[in-house]
Enquirer: 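Structure incoming, see below.
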Protein chains: 2
Amino acid sequence: MSQSPWQPISPAKPVRERKAPLTRERIVDAAMEVLRKEGYDGVSMRKVAQELKTGPASLYAHVANKRELDQLLVERANAQMVFDEPVDPTRWQEQLKALMREMLRAMRANPGVARAAIGAVPLGERALQTTERMLTLLKAGNLPDQAAAWAVDLIPLYVTAVAFEETVQSASDWTPQDVEEFVNGLRTFLAEQPADRFPLVVALAGPLTSGASGDERFEFGITVITAGLAALADRT
Amino acid sequence: MSQSPWQPISPAKPVRERKAPLTRERIVDAAMEVLRKEGYDGVSMRKVAQELKTGPASLYAHVANKRELDQLLVERANAQMVFDEPVDPTRWQEQLKALMREMLRAMRANPGVARAAIGAVPLGERALQTTERMLTLLKAGNLPDQAAAWAVDLIPLYVTAVAFEETVQSASDWTPQDVEEFVNGLRTFLAEQPADRFPLVVALAGPLTSGASGDERFEFGITVITAGLAALADRT
DNA sequence: ACCTGAACACCGTTCAAGT
DNA sequence: ACCTGAACACCGTTCAAGT
């Protein structure tokens with residue numbers, strides 16, 4: 001019986017799970033995994049390497065340094081934003097708010113990415129799409145070019161700051177009860193200040209400590225920013 | 001000749017520069033020094049201890065941990081803000097903008113403090129004064145209580161985010177030339193995008209990359225926020 | 001009571017040596 | 001060309017021992 005032609009010449013050699021070669025793609029995958037599991041501070045070159053069953057030095061063949069890895073994480077989060085509603089110039093304010101909500105959603109879905117995003121200028125394909133959409137909405141609102149351009153800076157800065165603040169707070173592994181207790185303590189602390197020196201702080205201790213969840217505060221923020229931008233529109 | 005009465009009993013003992021005892025105050029002084037010299041990332045317990053000619057463990061008798069030290073640095077920066085102009089209700093918008101400028105000035109004077117400030121709830125004496133002043137201005141503008149309270153959150157968040165972004169960028173030890181080169185490269189990059197897919201990005205490449213210094217962008221931001229807040233005023 | 005040295009469990013990055 | 005072990009110069013925090 002002759003050997004079947006598809007038999008390997010040296011059958012003894014086991015498949016030996018030759019590790020899939022490292023690629024940027026796989027490195028970012030692993031980093032996202034660590035990010036989700038341990039937050040931004042958990043993402044070290046060593047941990048990412050460990051996730052890939054190799055040593056930290058191996059990563060440097062594909063990624064210049066930690067900062068570049070951070071940038072790649074931001075691009076991943078950017079790619080997760082979905083803006084499917086066609087631009088409707090008559091609803092530019094509402095659509096701009098929706099865009100900011102979607103930005104926050106994507107950041108929250110990847111806790112820690114906000115920290116990486118804060119100093120970064122996002123220039124990937126998806127980031128440019130988001131920028132183009134922002135500009136379209138702002139020009140629909142009759143903003144002058146320079147105002148629209150600076151708004152493109154202001155909007156992600158605000159959203160990123162909110163997301164980053166949330167991750168800083170949640171990094172201190174507090175339970176919801178801990179947070180509630182902290183907020184209650186805070187309210188009491190403010191209410192007990194000397195009313196002659198801090199009358200409004202005392203009077204508004206309640207409102208000052210409400211909406212801790214963040215959603216209401218964020219809605220307030222995007223409303224203020226949108227209204228402020230609308231006030232800059234060219235009246236023609 | 002009798003000994004003068006003020007001669008020490010055992011004159012052999014030299015003054016031996018008995019180190020001034022550690023205090024929170026001295027630790028924060030040292031940390032501010034390191035902060036100014038090396039930025040936020042330079043502020044390690046070890047470096048601060050070294051500045052005080054002791055070991056890192058010694059600090060833990062006075063400061064719970066690094067996070068508490070960060071908080072103390074924020075309070076220092078808060079204490080450097082000066083608001084001497086009396087509140088004038090008719091000029092609340094202008095005075096609110098001036099307050100934000102002063103916040104940014106104090107943060108810039110202590111590069112790195114912004115990073116420490118971003119998740120912190122500032123509750124020191126000086127921070128409460130700033131909060132009281134913000135509330136006074138906002139109520140002068142007829143904002144509802146809840147809007148004023150959330151604005152007290154929004155305003156420092158924005159200023160801190162701007163300051164933090166600046167320190168992240170300047171941390172990468174770039175010279176002004178490097179920055180200019182980067183901005184020029186960025187403008188070219190944007191201008192060269194496919195105009196059919198990113199028409200506004202291409203058309204506004206100039207405005208998008210102008211005002212890199214930050215001051216103009218910051219003025220834009222505080223104008224938008226102030227105008228947006230004004231739009232929420234109760235009309236009575 | 002306050003301070004300290006030494007240790008523990010971590011970092012990012014580099015580099016010579018291996019395949 | 002790609003990967004790796006080992007090393008370098010750092011971290012924050014703890015703790016037993018000293019004064």
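Chain letters run A, B, ... following the sequence lines, proteins first, then strands; residues in each count from 1.
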Enquirer: For every nucleotide of nucleotides 8-13 of chain D, 5' to 3': is a protein heavy atom under 4.0 Å from its base (B), only from its sugar-phosphate (S), or from neither (-)?
Expert: ---BBB

Enquirer: Below the 4.0 Å mark, does D/dC2 have OP1 or OP2 next to a side-chain nitrogen or oxygen of A/His62?
Expert: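 Answer is no, no contact under 4.0 Å.
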
Enquirer: Among all residues two or more places apart in sequence or in another chain, which pass the side-chain hydrogen bond (donor to acceptor under 3.5 Å, both in side chains) test with B/Gln80?
Expert: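 Once residues adjacent in sequence are excluded, the partners of B/Gln80 under the side-chain hydrogen bond (donor to acceptor under 3.5 Å, both in side chains) criterion are B/Asn110.
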
Enquirer: Does some side-chain heavy atom of B/Val28 sit less than 4.5 Å from a side-chain heavy atom of B/Thr23?
Expert: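 The answer is no; the side chains never approach within 4.5 Å.
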
Enquirer: Would you please name every residue forming a salt bridge (Lys or Arg N to Asp or Glu O under 4.0 Å) with B/Glu51, sequence neighbours left out?
Expert: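 Partners of B/Glu51 by the salt bridge (Lys or Arg N to Asp or Glu O under 4.0 Å) criterion, ordered by chain and then number, come out as B/Lys37.
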
Enquirer: So, using side-chain hydrogen bond (donor to acceptor under 3.5 Å, both in side chains) as the criterion, who are the partners of A/Glu192 when residues are at least two apart?
Expert: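 With neighbours one apart ignored, the set is empty.
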
Enquirer: Salt bridge (Lys or Arg N to Asp or Glu O under 4.0 Å) with A/Glu38: which residues, sequence neighbours excluded?
Expert: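 With neighbours one apart ignored, the set is A/Lys47.
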
Enquirer: Can you give the dot-bracket line for DNA chain C, using ( ) for pairs inside the strand, [ ] for pairs that cross earlier ones, | for pairs with another strand and . for unpaired bases, where Watson-Crick and G-U count if both distances are under 3.5 Å?
Expert: ||.|||||...|||||.||

Enquirer: What residues, two or more places apart in sequence or in another chain, satisfy side-chain hydrogen bond (donor to acceptor under 3.5 Å, both in side chains) together with A/Ser210?
Expert: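 side-chain hydrogen bond (donor to acceptor under 3.5 Å, both in side chains) list for A/Ser210, sorted by chain: B/Gln146.
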
Enquirer: Scan residues 109-122 of chain B for pairs that pass salt bridge (Lys or Arg N to Asp or Glu O under 4.0 Å), counting only residues two or more places apart or in two chains.
Expert: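 Residue pairs passing salt bridge (Lys or Arg N to Asp or Glu O under 4.0 Å), neighbours aside: none found.
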
Enquirer: For A/Arg105, what residues pass the side-chain hydrogen bond (donor to acceptor under 3.5 Å, both in side chains) criterion, not counting sequence neighbours?
Expert: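 By the side-chain hydrogen bond (donor to acceptor under 3.5 Å, both in side chains) rule, A/Arg105 matches A/Glu102.
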
Enquirer: Could you state the CG-P distance from B/Leu52 to C/dC2, rounded to the nearest angstrom?
Expert: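 Going from B/Leu52 (CG) to C/dC2 (P), I get 16 Å.
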
Enquirer: Compare side-chain N and O positions of A/Ser58 against OP1 and OP2 of D/dT4 and report whether any pair is under 4.0 Å apart.
Expert: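 Yes, such a contact exists.
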
Enquirer: Give the ring-plane orientation class for B/Tyr158 versus B/Phe218, where under 30° counts as parallel, over 60° as perpendicular and anything between as tilted.
Expert: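 If you compare the ring of B/Tyr158 with that of B/Phe218, the planes turn out parallel.
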
Enquirer: Checking A/Glu219 now: which residues fulfil salt bridge (Lys or Arg N to Asp or Glu O under 4.0 Å) with it, not counting sequence neighbours?
Expert: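 A/Glu219 satisfies salt bridge (Lys or Arg N to Asp or Glu O under 4.0 Å) with A/Arg101 once adjacent residues are dropped.
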
Enquirer: Measure NZ/B/Lys53 against C1'/C/dT4 and give the value in whole Å, please.
Expert: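 About 16 Å, once rounded to whole Å.
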
Enquirer: Give the rounded distance in Å between these two atoms: CG of A/Leu59 and C1' of C/dC15.
Expert: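 In whole Å, C/dC15 C1' lies 16 Å from A/Leu59 CG.
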
Enquirer: Any N/O pairs under 3.5 Å between the protein and nucleotides 17-19 of chain C? List them or say none.
Expert:
none

Enquirer: Taking atom P in both D/dA9 and C/dC10, compute the distance separating them and give it to the nearest angstrom.
Expert: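 The same atom, P, in both gives a distance of 22 Å.
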
Enquirer: Can you list the residues that meet the salt bridge (Lys or Arg N to Asp or Glu O under 4.0 Å) rule with A/Glu181, with sequence neighbours excluded?
Expert: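 Checked A/Glu181 against salt bridge (Lys or Arg N to Asp or Glu O under 4.0 Å); zero matches.
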
